[in-house]
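Notes follow the structure.
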Amino acid sequence: MLAFWSGKNKEQMDRLFRNSGLFREKWDTVHHANGATYGQETLDKAIEATENVYSRESELVIFEHEGRYYRTRGESVYPITNFIIQPVEMIVSEDETQMTALKERCDVSGFEITDIEPL
């Protein structure tokens, strides 16, 4: 997971792992004939096994349409709620936003959406 989220940045992966609760002394112990430590080999294997990495472009787009929430992946659009949100009140402050809303269940069978632009 560190390879995915760090973009296979070995130094960042090492720093994150060292600061985690999983770090143990054996991380810096030489375990291989080539002089590589257990940690170096572990990071190399993680990088090699990771095919995709996180990028902002790969994030899912989530949007609201007529009170329901949807997500996009590529050209496809999927509903992520089986209810309709009707905002009643929104309180916005510098640190957070809170919304009071009514919700109404809706049927998701036969779902189809066309011509919806993400917000």
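- The aromatic rings of Tyr38 and Trp27 sit perpendicular to each other, their planes meeting at more than 60°, with 30° as the lower class boundary.
- At a threshold of 4.5 Å between side-chain heavy atoms, the hydrophobic network of Ile, Leu, Val, Met, Phe, Trp and Tyr places Leu2 and Leu22 in one connected group.
- Ala46 approaches Ala3 most closely through the heavy-atom pair O-CB, 3.9 Å.
- The residues Asp14 and Arg18 are annotated as salt-bridged, a charged nitrogen and a carboxylate oxygen being separated by less than 4.0 angstrom.
- The backbone N or O of Thr37 lies less than 3.5 Å from a partner atom in the side chain of Gln40, making a donor-acceptor pair.
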task: List the steps, then state whether side chain to side chain contact (heavy atoms under 4.5 Å, CB included) holds for Met13 with Ile47.
output: CA-CA 10 Å; Met13 292 168 61; Ile47 288 169; 3.8 Å; yes

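- Atoms CG and CD, on Leu43 and Glu48 in that order, are 13.0 Å from each other to the nearest 0.5 Å.
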message: side chain to side chain contact (heavy atoms under 4.5 Å, CB included) for Trp5 and Val53? Distances and angles first, verdict last.
response: CA-CA 6 Å; Trp5 289 108; Val53 296; over 6 Å; no

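- Using a cut-off of 4.0 Å between Lys/Arg side-chain N and Asp/Glu carboxylate O, Asp44 and Lys8 are scored as not salt-bridged.
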